[in-house]
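As a basis for the values below, the full set of heavy atoms in this structure was taken, side chains included, without hydrogen atoms, waters or symmetry mates. Numbering of ligands and ligand atoms starts at 1, following listing order.
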Amino acid sequence: MKLFEYEAKQIFRENKIPVPKGVLVSTPDEAVTAFHALNGPVVVKSQVLVGGRGKAGGIRFADSAEQARQISSELLGSTIKGVTVHKLLIEEKLSIAKELYVGFTVDRSARSYVALASSEGGVDIEEVAMRAPSKIARLTVPPEEGFHEFHARLLAHRIGYKGEKQAALSSIIYQLLQIAMKYDAELIEINPLVGTTEGKMVAADARLLIDDNALFRHKDFERSILEREGELSPLEKEAKRFDMAYVDLDGEIGIIGNGAGLVMATLDLVTLYGGRPANFLDVGGGASAETVKQGLKIIFTKPAVKSVCINIMGGITQCDVVATGILDALKETKTRIPIAIRLMGTREEVGRRILKGANIKSYDSMEDVVRNAVKLARG
Ligand code: GDP
Ligand code: MN
């Protein structure tokens, strides 16, 4: 689960990482009050759960209270990369001398956190990784050894810091990992970590992703989980209502499967055969006919979908139940979007017979069903 910048910064503040003074607002009037309270100039920051807000126009600067009002009224209710802005974080504007990057993420193959630091912050770190990989210092920390303060100092040194600044930077790096462990973070990062012209180090941005499997240990975020649902698109919300995972993409083939692995493999195969996935939906294990019906309806709703590929591996999920769900969806929607179906596993013969009874062909192999879905999308 992604935290909003203001939530992550509150956690930083409680854990001794310096952050700018700021006020969370949801109206232009509140923005004016915040401007005065912070003794502007200020930065007006859209609180949306997408990266690259700066480039998308979601981060603006105000030198006067009137400008803060104007910018806030423009941003509130607008969309940044398709997500509506409901809240703004108004912050004192930092005077930037240097922008750094620091973060921790999970290195699954090393089974540990890996620390990342770069003297080239502010921009996309992925871009730095491609353009100048030597500018990123990495340190993998075996859990049995533990990450100690000297590791943080070493990392700070590797990106060119000495003396007092090295101490300030390494203390931030060290605290960052303490927070990551406390909140079961799969990613925590500060980009940019700002060196101000007054010689301080301040986290100008904050990103914290909590591992969903550990959410039960962080009940304090329950309320914000509900709030976060406002960040979902209508189709994502609809899928969530039926306990399915929906992801929107930009091609023309809709994909339904059961289980993340099967769905991913189907996506890969669609791409391999020259198609482009429009979206995908994981109906999960033991899907009912109702779930399958609702899932298909969600996939059909997207205008860009030219064909649908259904790939079901029956285990707990029963193929005859899936087949019934498919027929129900076709009957209700009367869609003309062609579908290619593969049913394998538990009660597959019954499932195929049900489809055959409705004059719907099904395929045995994954290659065949995908190849046909790609062909159908071409018309
Ligand atoms: P992101 O685009 O979503 O990562 O949003 P950020 O919070 O990182 O802001 C984007 C960029 O705006 C930063 O890289 C900075 O260059 C700039 N920025 C953010 N806060 C300040 C600030 O207080 N002062 C100044 N001068 N620039 C800022
Ligand atoms: Mn940023």
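Atom numbering of ligand 1 starts at 1 in the shown order; those under 4.0 Å from a heavy atom of Lys93 are 23 (O), 24 (N), 26 (N). For ligand 1, the atoms sitting less than 4.0 Å from at least one non-hydrogen atom of Arg53 are 1 (P), 2 (O), 3 (O), 5 (O), 6 (P), 7 (O), numbered in the order shown with element in parentheses. Interface of Gly122 with ligand 1, defined as ligand atoms under 4.0 Å from a residue heavy atom, comprises 14 (O). Less than 4.0 angstrom separates some heavy atom of Glu99 from each of these atoms of ligand 1: 13 (C), 14 (O), 15 (C), 16 (O). Shown in contact with Pro192 at under 4.0 Å from a heavy atom are these atoms of ligand 1, numbered in order with element: 8 (O), 13 (C), 14 (O).
For the pair Lys93 and Phe61, the distance from NZ or CZ to the six-membered ring centre is under 6.0 Å and the angle to the ring normal is within 45 degrees. For the pair Arg342 and Tyr363, the cation-pi test (distance below 6.0 Å, angle within 45°) is failed.
In terms of polar-atom proximity, defined here as any N/O pair under 3.5 Å, Ile96 makes no such contact with ligand 1.
Note that CG of Leu100 and CD1 of Ile172 are 8.5 Å apart. Values are rounded to the nearest 0.5 Å.
Protein heavy atom at the shortest distance from atom 23 (O) of ligand 1 is Leu94 N, 2.8 Å. Nearest protein neighbour of atom 9 (O) of ligand 1, counting heavy atoms only, is Ile59 CG1, 4.0 Å. Nearest protein neighbour of atom 6 (P) of ligand 1, counting heavy atoms only, is Asp205 OD2, 3.5 Å. Here the protein heavy atom with the shortest distance to atom 2 (O) of ligand 1 is Gly54 N, 2.7 Å. Ranking protein heavy atoms by distance to atom 17 (C) of ligand 1, first place goes to Phe61 CZ, 4.1 Å.
Without hydrogens or angle criteria, Tyr113 side chain to Ala185 main chain gives a donor-acceptor distance under 3.5 Å. Counting only distance, with no hydrogens or angles, the side chain of Thr346 and the backbone of Gly315 share a donor-acceptor pair below 3.5 Å.
Partners of Phe300 by ring-ring contact (aromatic ring centres under 6.0 Å, His included), not counting sequence neighbours: none found. In this structure, the side chain to side chain donor-acceptor pair (under 3.5 Å) partners of Lys45, at least two apart in sequence or on a different chain, are Glu5. Scored by the ring-ring contact (aromatic ring centres under 6.0 Å, His included) test, Phe216 finds no partners at all (sequence neighbours excluded).
At a 4.0 Å heavy-atom cut-off, ligand 1 touches Asn191 through the backbone alone. Of all the heavy atoms of Val43, the ones lying under 4.0 Å from any atom of ligand 1 belong exclusively to the side chain.
The number of protein N, O or S atoms lying under 2.8 Å from the Mn ion (ligand 2) is 2.
Distance remark: protein heavy atom not present below 4.0 angstrom from atom 11 (C) of ligand 1.
With distances taken over non-hydrogen atoms, the option nearest atom 7 (O) of ligand 1 out of Arg207, Arg60, Lys45, Glu91 is Lys45.
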